[in-house]
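Report on the structure given below.
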Amino acid sequence: MANDNNRFQAIIAHCKEYGFIFPSSEIYDGLSAVYDYGQNGSELKKNIRDYWWKSMTQLHDNIVGIDAAIFMHPTTWKASGHVDNFSDPMIDNKDSKKRYRVDHLIEAHADLLKEKGEAGAKEAEQLLAEMDALLAKEDYAGLKQLIDDNKIKCSVSGTVNWTDIRQFNLMFSTEFGATASSEDADSKVYLRPETAQGIFVNFLNVQKTGRMKIPFGIAQIGKAFRNEIVARQFIFRMREFEQMEMQFFVRPGTEGEWYKFWKEERLKWHLSLGIDPSKYRYHDHIKLAHYAKEACDIEFEFPMGFREVEGIHSRSDFDLSQHQQYSKKKMQYFDNDLDANGKPFGNYIPYVIETSIGLDRMFLLIMSNAYTEEDLSTPEKADSRVVLKFPAKLAPIKLAVLPLLKKDGLPEIAREIMNSCKGSFRCFYEEKDAIGKRYRRMDALGTPFCVTVDHQTKEDNTVTVRHRDSMQQERIPISAIKAMVEAQL
RNA sequence: GCGGAAGUAGCUCACCUGGUAGAGCGACAGCUUCCCAAGCUGUAGGUAGCGGGUUCGAGUCCCGUCUUCCGCUCCA
């Protein structure tokens, strides 16, 4: 097999050729970092999504699921810190290619001035005052002028060769209401940059109506949107993506053990799909985000190297406290459990452990783990195949039903098998071309089972089952087909 | 955002220094009836990413633009 880069290219090409993933709006040259899932990709994605949902909700009786709207009240993003932390005006130095936050750049210059004694300190004070005024007005041209007037230099290149100031707000925004205009700040709403806040704002609703007792979790799957400066590497970083996440609410003081629990529990989930453990590793965060107490990533060895596929974060009570402050609603929980002194733990704002996995990244993980090029050459003949070794429970198509010949009544029997199975799982019927060719086509889609109807079937009601990974065949009765497939799901 | 590479049929690519678009695979219809792709016949499919320029003539040269990949940067 070629090197990893070629392998990644081959996977991308395979995804397109076999109906898994297409560039968005491809007939119009595509839209940068946006992709569509095709007829097979959407099935695979759905199966991954369902598997996660079932593992998290159905199999944990203290976790429930919700589906919050993508639009949220704008104050949500003030409370979460997204508006303040991620909409700063930036400026690039053309020589060093270094990018600065404008306020940081000016403040650094002010600090330099202050070191120059009293006159400098006064100058610095005036500079900062001007900056604040301009920032408040969002007067970027004025800020640029301020940088030019003060001859503020880049610390790397030492030059004053600056680009214009640009705002990099990673949140997409739009206008809410039919009569709204873009100048009307009050009508501005954002497309959520993460799904987590939909859970936090519904914390009280779910806790009260579900009579949930701590510890408990709320799970959610949904789209999120980030206007990445650089979005790349196929579906690994897209501007529109889907998250599967769960916020687990715990009593303060127990967050350490629950963090550890979920860190291990989530890796177990990945390994339950039969993926080689050596392709996984943890990456503990040293530099923590503004809300985090402890954080780690579960990384997977993609063709382009180890990359984050899932994050586990100990978020303390940051989010609920923020929402309590901004909404003036008490985000507390009364804990009737008794402490060491026999008294109820009482009211508190719960701490949160978050598990957050990118569905699209999980798709890429499954795809790159499954993609295999096999050399089947014999001394007589060169031969090879591409096979997607999906876990059977995730495969887009579970069973292909193939009449060996398209005559002698074989298609009729095959159709009957189709009809008896298609209510239970996704099946595919094919009578064109030689049987070997049909097997190979199914390999390329990752179909785990092919059954072939031949003349013997008419005599004893058995079919050949051909297994995808081993290419081994066996004969089983028609009546056993459904149970055989379902045993793998 | 910067730098590098690329864009011709569904896929992989060819067309050497400008002269009326090709191959293999694939797809479709039929034949063949063969349990691991590439047997036979036929059919469809491209105004060469898009726009402009130079030229008698541009897939080929020049400029712009879009998209993708790689490296750097960024990534709550």
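Just so we're on the same page: letters track the sequence lines, and every chain starts at 1.
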Would you indicate which nucleotide in [options] comes nearest to any side-chain atom of [X]?
X       : options                : result
H82(A)  : C35(B), A37(B), A76(B) : A76(B)
R226(A) : A76(B), C69(B), C35(B) : A76(B)
S32(A)  : A27(B), U67(B), C70(B) : U67(B)
Y439(A) : C69(B), C35(B), A38(B) : C35(B)
Q9(A)   : A29(B), C35(B), C69(B) : C69(B)
R440(A) : U68(B), C36(B), A27(B) : C36(B)
Q233(A) : U33(B), U67(B), C70(B) : C70(B)

Tell me: CG of L402(A) to C1' of C34(B), nearest whole Å?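 To the nearest whole Å, that distance equals 15 Å.
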
Provide, to the nearest angstrom, the distance between the NZ atom belonging to K406(A) and the C1' atom belonging to U32(B).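 These atoms are roughly 10 Å apart.
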
Can you check nucleotides 7-12 of chain B for protein contacts, nitrogen or oxygen pairs under 3.5 Å, and list what you find?
unit_1 : atom_1 : unit_2 : atom_2 : d
C11(B) : OP1    : K16(A) : NZ     : 2.8

Please list, in numerical order, the residues of residues 466-487 of chain A that have a heavy atom closer than 4.0 Å to any atom of RNA chain B.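 When residues 466-487 of chain A is checked for heavy atoms under 4.0 Å from RNA chain B, the hits, listed by number, are R466(A), M471(A), Q473(A).
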
Does the side chain of R441(A) get closer than 4.0 angstrom to OP1 or OP2 of A27(B) through an N or O atom? yes

Counting only heavy atoms from other residues, nucleotides and ligands, does the tally under 6.0 Å from NZ of K260(A) exceed 12? no

Indicate, with a heavy-atom threshold strictly under 4.0 Å, whether [X] touches base, sugar-phosphate, or nothing.
X       : value
A224(A) : nothing
Y35(A)  : sugar-phosphate
D443(A) : nothing

Which dot-bracket string describes RNA chain B (Watson-Crick N1-N3 plus N6-O4 or O6-N4, or G-U N1-O2 and O6-N3, all under 3.5 Å; [ ] crossing; | other strand)? (((((((..((((.....[..)))).(((((.......))))).....(((((..]....))))))))))))....

Distance-only, no hydrogens or angles: does the R468(A) side chain make a donor-acceptor pair with backbone N or O of F390(A) under 3.5 Å? yes

Could you verify whether a donor N or O on one side chain and an acceptor N or O on the other, from Q233(A) and R307(A), lie under 3.5 Å apart? yes

